[in-house]
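This report concerns only the one structure given below.
Each chain gets a letter, A, B and so on, in the order the sequences are listed, and its residues count up from 1.
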Amino acid sequence: MNRIDQLFREKGGEILSVYTTAGYPDLNDTPALLRALQSGGTDMVEIGIPFSDPLADGPVIQQSSQVALQNGMNLKLLFSQLTGIRSTVHIPLVLMGYLNPVLQLGMENFLEKCREVGIDGVIIPDLPPDEYEARYFELFKKYGIHHILLITPHTSTERIQKIARLSKGFLYLVSDASTTGVKSEIGRHQIEYFQRIRKMDLPLPGLIGFGISNRKTFRTACMHAGGAIIGSAFIRAIGEEGPLEEKVKRFISSIRV
Amino acid sequence: MGFEIDQKGFYGEFGGAYIPEMLYPNIRELEENYLKIIGSEQFREQFRRLLQDYAGRPTPLFRADRLSEHYGTNIYLKREDLNHTGAHKINNTIGQILMARHLGKRRIIAETGAGQHGVATATVCALTGVNCIVYMGALDVERQSPNVKKMKMLGAEVVPVHSGNKTLKDATNEAIRDWINHPVETYYIIGSVVGPHPYPDMVTRFQSVISEEIRLQLAEKTGRDFPDYLVACVGGGSNAAGAYYHYLDDERVRLISAEAAGMGVNSGQTAATSLLGRTGIIHGSRTLLMQDEDGQIQEPYSISAGLDYPGVGPLHSWLAKTGRSTVYAATDEEALQAALLCTRKEGIIPALETAHALAVLDKITPGKEETVVVNLSGRGDKDMETYINRLSL
Ligand SMILES: Cc1ncc(COP(=O)(O)O)c(C=O)c1O
């Protein structure tokens, strides 16, 4: 069974997923980070594939991507760093990246590599659902990789139904109209949106992302969905001075005990 | 072969709308409405009137006698440089500001490289009294200070962009991010035939007034409403798309696109996008773009700020791929010499971008009886500093 499905089956809620940019802060940090995140109590990790032009990202993740690229990170290197990771890391791993680098590697090649190293899901924010369905749905199925799609407070009900049908593992609930790391509060209209989604009784769980930055926003997210995804706040934390493992441990325990 | 956009927003394999879900409602709203709005009597009348009374259209089609003699053929210059603000860019910003008004949006954002599109956007925002925010790479803000001051005088807020390489592609990213963060009240006036569908098609339609006029003017001047060669420079490709539009399906007309070779096509310092690019995704469009092996988008180089975009509009990728257009690349040096020649022979100082189209006259071989139209996309005022330095004036 796909590790994402297993996670949601075994643990009904309060799922903490952390986003980290591959090759940041240092080129070879990612495997150690994954282990530290696992032992710190993270349920799932999204590994960001750095891209020169990250359209949906705010300043923090943009900057980490730029550093990672300067460090020399690329998709091929990432796969080689992840080879063997499954001997020590058992939580679900998701790759998140923009379409262009994936296309240059070739979608099938990419998915094959994902399966080889033990990736469970993929998020490609600029791949439109229609195009995914027409071109890639069968390929993802063939390699057993979950494709996770996004909805926002402005997504229409009809479109949510369609996206929920295409998405596998979980549905990514973008908390507000924003790029990553820009908003830091969860307001009334967002809570209404989460409640509206919950009432729709969708066939898969949702995780809330964008604007989840601390214990308070994480708690709120957990009250309205299966859990949450933290990105910019984590990137900021590991960008500070100090040993990696400690920074990770401190950050995770600031989110939940 | 059709060169119109298809139902899904593609020219052949190029185009589409590769956007994050956050932008979907905006793009969808535009896509559902733009043809209806452009086709409405009210819009057409407003657009026609502003093009005529404000931009100064129709622009003349001028027979360049001395250049014609020099090249041994018949050269006509389509004088887009005589538009208000000095380039074809205003055709598009007039169209889009009206589009924004019809959609009820009162906050305008735009990206700009050299500042030409920024100035054209700030101009129509002043004209219609709406807020205007222009994103501009921090490097370009330094390099193009007269245009920055113009935009400010026009009342626009110019936001320097410090991400990435701090140039046009980063300014475009930042404009798109602004749109993600302000989806409801904002309209994004994009500056060329690039970006997600329906922008390439919409901007092409607004610029198509150029070929509409060429047809009438050529018929009047030569007794034949089409040229043998139609030459335009291509950055994103809007002036070229506008000049080609009514001739896209007319195979008698050879479409000649001029890209910027910079220091040379193989020098690593170039903006020859469709010659060097591979298919990929940039700013929401599947098109040819300059990228490294890993799919990271590369920073282009050209002496002309308006041509150093790492991608090209999807229509141009399709025209190049199908062989409908022939793409030449002119180096910085060739462009400078062509600008000087045009100035000395015709008394017209062209924009550096346009100079690349003029430079291509050295690379094609039209016959004595044949007709060549060059789209003179803009005037050279903004480039005087470069001309002074590089031509030792
Ligand atoms: C005079 C002039 N010509 C051409 C261009 C290139 O744009 P496009 O290829 O969209 O016409 C620019 C862009 O700034 C310009 O100012």
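For A:Glu131, the part lying near chain B is the side chain, with the backbone staying farther off; criterion is any non-hydrogen pair under 4.5 Å. With a threshold of 4.5 angstrom between heavy atoms, A:Asp57 approaches chain B through N, CA, C or O but not through any side-chain atom. A:Pro50 touches chain B through its backbone: at least one of N, CA, C or O sits under 4.5 Å from a heavy atom, while the side chain does not. For B:Gln298, no part lies under 4.5 angstrom from a heavy atom of chain A. Residue contact with chain B, scored on non-hydrogen atoms closer than 4.5 Å, involves the backbone and the side chain of A:Leu55 alike. For chain B, no part of A:Leu149 is nearby; none of its heavy atoms comes within less than 4.5 Å. Neither the backbone nor the side chain of A:Tyr98 comes within less than 4.5 Å of any heavy atom in chain B. With a 4.5 angstrom heavy-atom cutoff, A:Leu75 does not touch chain B via any of its atoms. For A:Ile124, no part lies under 4.5 angstrom from a heavy atom of chain B.
Here the rule is side chain to side chain contact (heavy atoms under 4.5 Å, CB included) with B:Tyr135, and of B:Thr172, B:Val159, B:Leu168 only B:Val159 fits it.
Counted within 6.0 Å of NZ on B:Lys321, heavy atoms from surrounding residues, nucleotides or ligands total 12 or fewer; the atom is thus considered open.
A centroid separation of less than 6.0 Å is found between the aromatic rings of A:His147 and A:Tyr132. Taking the six-membered ring for Trp, B:His283 and B:Tyr199 have ring centres at least 6.0 Å apart.
Side-chain contact check for A:Thr83 and A:Glu116: no donor-acceptor pair (N or O, by modelled atom type) lies under 3.5 Å. Defined by atom type and a distance below 3.5 Å, a donor-acceptor pair is missing between the side-chain atoms of B:Asp294 and A:Gln104.
The choice from A:Pro129, A:Pro101, A:Ser156, A:Gly58 that makes the most heavy-atom pairs within less than 4.5 Å of chain B is A:Pro101. Per-residue counts of heavy-atom pairs under 4.5 Å with chain B were compared for A:Gln62, A:His154, A:Gln66, A:Lys183; the largest is that of A:Gln62. Residue with the most contacts toward chain B among A:Val102, A:Ile151, A:Leu69, A:Leu105: A:Leu69 (heavy-atom pairs, distance under 4.5 Å). Between chain A and the residues B:Ser163, B:Pro183, B:Gly164, the largest count of heavy-atom pairs under 4.5 Å involves B:Gly164. Highest contact tally toward chain B, considering only A:Ala56, A:Ser178, A:Pro125, is held by A:Ser178 [criterion: heavy-atom pairs under 4.5 Å].
Residues of residues 13-22 of chain B that come closer than 4.5 Å to chain A, counting heavy atoms only, are B:Ala17, B:Tyr18, B:Ile19, B:Pro20, B:Glu21, B:Met22, ordered by residue number. Listed by sequence position, B:Pro25 are the residues of residues 25-34 of chain B in contact with chain A, using a 4.5 angstrom heavy-atom cutoff.
B:Ser317 contributes no side-chain N or O that, together with a main-chain N or O of B:Thr287, makes up a donor-acceptor pair within less than 3.5 Å. Here the side chain of A:Asp26 pairs no donor or acceptor atom with the backbone of A:Asp29 at under 3.5 angstrom. Counting only distance, with no hydrogens or angles, the side chain of A:Ser52 and the backbone of B:Ile297 share a donor-acceptor pair below 3.5 Å. The closest donor-acceptor contact from the side chain of B:Gln269 to the backbone of B:Tyr301 lies at 3.5 Å or more, if one exists at all. Between the side chain of B:Arg177 and the backbone N or O of A:Pro54, at least one donor-acceptor pair lies under 3.5 Å.
The aromatic rings of A:Phe170 and A:Phe8 sit tilted relative to each other, their planes meeting at an angle between 30° and 60°.
Scanning all heavy atoms of the two residues, the minimum distance from B:Gly118 to B:Thr112 falls at N-OG1, 3.0 Å. Residues B:Glu111 and B:His117 come closest through the heavy atom pair O-CD2, 3.0 Å.
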Please determine whether side-chain contact (heavy atoms from CB on, under 4.5 Å) holds for the pair A:Val94 and A:Val45, giving the CA-CA distance in whole Å, both sets of side-chain angles, and the decisive distance to 0.1 Å. CA-CA 6 Å; A:Val94 172; A:Val45 182; over 6 Å; no
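Under the 6.0 Å distance and 45° angle rule, A:Arg159 counts as a cation-pi partner of B:Tyr24.
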